[in-house]
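First up is the structure itself, then whatever we jot down about it.
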Protein chains: 2
Amino acid sequence: MKNKNNADVALPSDLKVARDEFIGSWGAMGSAWGINRTMAQIHALLMVSARPLTTDEVMAELQISRGNANTNLRELVGWGLIRTLIVKGERKEYFEAEKDVWRIFCIVTRERKRREIEPILDMLGRMRDDSRSMKGGEAQEFHKMMKGLQDFVSLADNVMEKIARSEEGKVIPFVVKTFGK
Amino acid sequence: MKNKNNADVALPSDLKVARDEFIGSWGAMGSAWGINRTMAQIHALLMVSARPLTTDEVMAELQISRGNANTNLRELVGWGLIRTLIVKGERKEYFEAEKDVWRIFCIVTRERKRREIEPILDMLGRMRDDSRSMKGGEAQEFHKMMKGLQDFVSLADNVMEKIARSEEGKVIPFVVKTFGK
DNA sequence: CTGTATTTTCATTACTTAATGAAAGTATGA
DNA sequence: TCATACTTTCATTAAGTAATGAAAATACAG
């Protein structure tokens, strides 16, 4: 019933070991970055997989439940870090990861910008406006702080946007030139 | 017994409201960034406070326990985002925040680099070496992926280091020029 | 349609992380 | 050195987050 085409069949064991360590570390790092562990692990697994995998293969490989696998695969699709793939003559879906490092970087940058930078920017803008007309030394201090923060975060936001829109071939050489190697 | 010099005594209420919203939002954002909520709130409170505060004032203002306040104040001191201050003739410690946005940015950048980037870089380096001599197409693919990731992350690491070491007066004008405003 | 393969949902459970507050520890002034 | 003000610790509790897996929903082949 369960077919035995697991991704690691016949893999030399040292490669298997290295892969597993990569998957584990990538997952651990995920949590530090506010991305959940399983999601990062699935992403890692698909990044180093030579071929697209099914939900069942992901479950087997990472030893996780169906619900967990499904939820995190959907989430990854939502981020644009993996895509679904249908094989003609088969019912089940396959998943494959974006493997281009630059593209991964752009996707993650945009997503983090959207989720983390933009809400702060809105809040800072409001605080800055609200405090503009307040009287008193404390209020002026507060206003100054909001202005300083907003200007800075806004600049960072612009930089991220510009970079994430650029082509690798333009940015990397420039960065290497500017910041040495 | 409890002295009434709370930080917000006699604050116009609209300023108080704005401050509280800032503190709340900064705290919420903290969690998205892997920094705990209370730590981010204390940091925000001290950033907008006109004068240094004591542990008891922080407790009162944020409605948190002594243990919680103490732990997170220490953590912030560890990051270098706030510093302690002793007032002659008084036993208790006061805490004051670094308020310069550029310096805050540099501190946070260095800390995140140290905690999040460097361990990954080590791991990728090891994986890259381990897989260098492995045979087979899959192993070559894996090696290539590790190389691509390590080159990229290493470049990012260098850029962060260089920027965090630079002076605001050099970086900001350059960034504004390069990435438009 | 109807039966089966596959995917999705979601109430429950497990795990992880943070917060509490009393007790222990430390430092200071008299 | 004693009494007191203040700080730190840490076992316990609470809150938040993720994982499970069975049941429901969906899609598809015949």
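Throughout, protein chains are lettered first and strands after them, A, B, ... in sequence-line order, and every chain is numbered starting at 1.
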Report, as a single string ordered 5' to 3', how protein heavy atoms within less than 4.0 Å touch nucleotides 2-8 of chain C: B base, S sugar-phosphate only, - not at all. -BBBSBB

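The CG atom of B:N68 sits 15 Å away from the P atom of C:dA22 (whole-angstrom rounding). Look at CD on A:E75: it is 15 Å from C1' on C:dT9, rounded to the nearest Å. C:dT16 atom P lies 18 Å from atom CG of B:N36, rounded to whole Å.
Going from atom CD of B:E116 over to atom CE of B:M160 covers 8.0 Å, rounded to the nearest 0.5 Å.
Counting only distance, with no hydrogens or angles, the side chain of A:E61 and the backbone of A:V58 share no donor-acceptor pair below 3.5 Å. Side-chain atoms of B:N72 come within 3.5 Å of backbone N or O of B:N68 as a donor-acceptor pair. When atom types are taken as modelled, the side chain of B:R19 and the backbone of B:V48 share a donor-acceptor pair closer than 3.5 angstrom. Side-chain N or O atoms of B:E57 include one that pairs as donor or acceptor with a backbone N or O of B:T54 at under 3.5 Å.
The shortest distance between the side-chain N/O atoms of B:T38 and the OP1/OP2 oxygens of C:dA19 is below 4.0 Å.
In the hydrophobic cluster analysis, where Ile, Leu, Val, Met, Phe, Trp and Tyr join through side-chain heavy atoms closer than 4.5 angstrom, A:F95 is grouped apart from A:M59.
Along DNA chain D, the stretch of nucleotides lying under 4.0 Å from any heavy atom of chain A spans, 5' to 3', D:dA18 to D:dA29.
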Could you walk me through whether B:D122 and B:R126 pass the salt bridge (charged side-chain N to carboxylate O under 4.0 Å, His left out) test, one step at a time? CA-CA 6 Å; B:D122 290 350; B:R126 264 184 296 112; over 6 Å; no

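Applying salt bridge (Lys or Arg N to Asp or Glu O under 4.0 Å) to B:D157 and the options B:R112, B:K113, B:R110 leaves one that passes, B:K113.
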